[in-house]
S.K.: 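Sharing a structure below in structure tokens format, with a few things to ask.
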Amino acid sequence: MLVYADLSVRFRACHTNSLNLALHMITTPMGVVASLVALRQATVTFEYVYEVILILYLMSLFVTLGNFRLWLATTAWMAGLAAVAERLVPTFTDSDCAKLLA
């Protein structure tokens with residue numbers, strides 16, 4: 001937990017500009033959606049691998065964050081991003097995912 005606490009303090013120090021925060025609110029979800037689409041496409045032949053990876057990620061956040069309400073909000077946000085990713089999977093190619101991640 002000490003590593004997370006140290007990292008969060010340093011992160012906040014670099015993100016005090018409101019424009020920077022606004023851009024993060026756009027670019028971070030885009031990157032997460034692109035990653036989820038790429039993960040879904042990579043695991044399409046393996047049943048439930050995508051879901052297991054998402055569940056493991058959310059479980060790791062529960063341990064890392066140490067705050068139930070923050071974890072619950074993050075989980076709800078991830079569920080929304082996963083739903084968006086599911087709608088995009090049929091229409092996205094590998095290069096589309098790479099473009100969003102770039």
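Side chains are part of it too, since the values below use all heavy atoms of this structure and drop only hydrogens, waters and symmetry mates.
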S.K.: Check the hydrophobic clustering (I, L, V, M, F, W, Y; side-chain heavy atoms under 4.5 Å; chains of links allowed) and say if Val44 and Val89 are grouped together.
M.R.: no
S.K.: Could you measure the distance from the OG1 atom of Thr74 to the CG atom of Leu65? Nearest 0.5 Å is fine.
M.R.: 5.5 Å
S.K.: Not counting sequence neighbours, which residues clear ring pair (Phe, Tyr, Trp, His ring centres under 6.0 Å) with Phe68? List them please.
M.R.: Trp71
S.K.: Quick one: closest heavy-atom pair of Ala38 and Cys97, and the distance?
M.R.: N-SG, 3.8 Å
S.K.: Restricting to pairs with a member in residues 24-51, which pass ring-ring contact (aromatic ring centres under 6.0 Å, His included), not counting sequence neighbours?
M.R.: His15-His24
S.K.: If I take atom CZ from residue Phe62 and atom OG1 from residue Thr75, how far apart are they, to the nearest 0.5 angstrom?
M.R.: 9.5 Å
S.K.: Enumerate the residue pairs fulfilling salt bridge (charged side-chain N to carboxylate O under 4.0 Å, His left out) with a member in residues 40-51, sequence neighbours excluded, ordered by first and then second residue.
M.R.: Arg40-Glu51, Arg40-Glu86
S.K.: Using the side chain to side chain contact (heavy atoms under 4.5 Å, CB included) rule, take Leu88 and Thr91 through it: C-alpha gap first, then chi angles, then the decisive distance, then the call.
M.R.: CA-CA 5 Å; Leu88 293 176; Thr91 62; 4.3 Å; yes
S.K.: Same cluster or not: Val49 versus Tyr57, using hydrophobic residues (I, L, V, M, F, W, Y) connected whenever any side-chain heavy atoms lie under 4.5 Å apart?
M.R.: yes
S.K.: Let me confirm one number: the CG-CZ distance from Leu36 to Phe92, rounded to the nearest 0.5 Å.
M.R.: 11.5 Å
S.K.: Among Val84, Leu81, Leu100, whose side chain to side chain contact (heavy atoms under 4.5 Å, CB included) with Met30 holds?
M.R.: Leu100
S.K.: Are Val33 and Leu101 connected in a single hydrophobic cluster, I mean Ile/Leu/Val/Met/Phe/Trp/Tyr linked by side-chain heavy atoms less than 4.5 Å apart?
M.R.: no
S.K.: Taking atom CE of Met59 as the centre, report whether more than 12 heavy atoms of other residues, nucleotides or ligands fall under 6.0 Å from it.
M.R.: no
S.K.: According to a 4.5 Å side-chain heavy-atom criterion applied to Ile, Leu, Val, Met, Phe, Trp and Tyr, with indirect links allowed, do Met78 and Ile55 form part of one hydrophobic cluster?
M.R.: no
S.K.: Taking all heavy atoms of Pro29 and all of Ile26, pick out the closest pair and write down the distance.
M.R.: CD-O, 3.4 Å
S.K.: Take atom CG of Asn67 as the centre, draw a 6.0 Å sphere, and report whether it contains more than 12 heavy atoms from other residues, nucleotides or ligands.
M.R.: yes
S.K.: Give a yes or no on whether the backbone of Thr93 and the side-chain of Asp96 come within a donor-acceptor separation of less than 3.5 Å.
M.R.: yes
S.K.: Linking I/L/V/M/F/W/Y whenever any side-chain heavy atoms sit under 4.5 Å apart, do Val52 and Leu54 land together?
M.R.: no
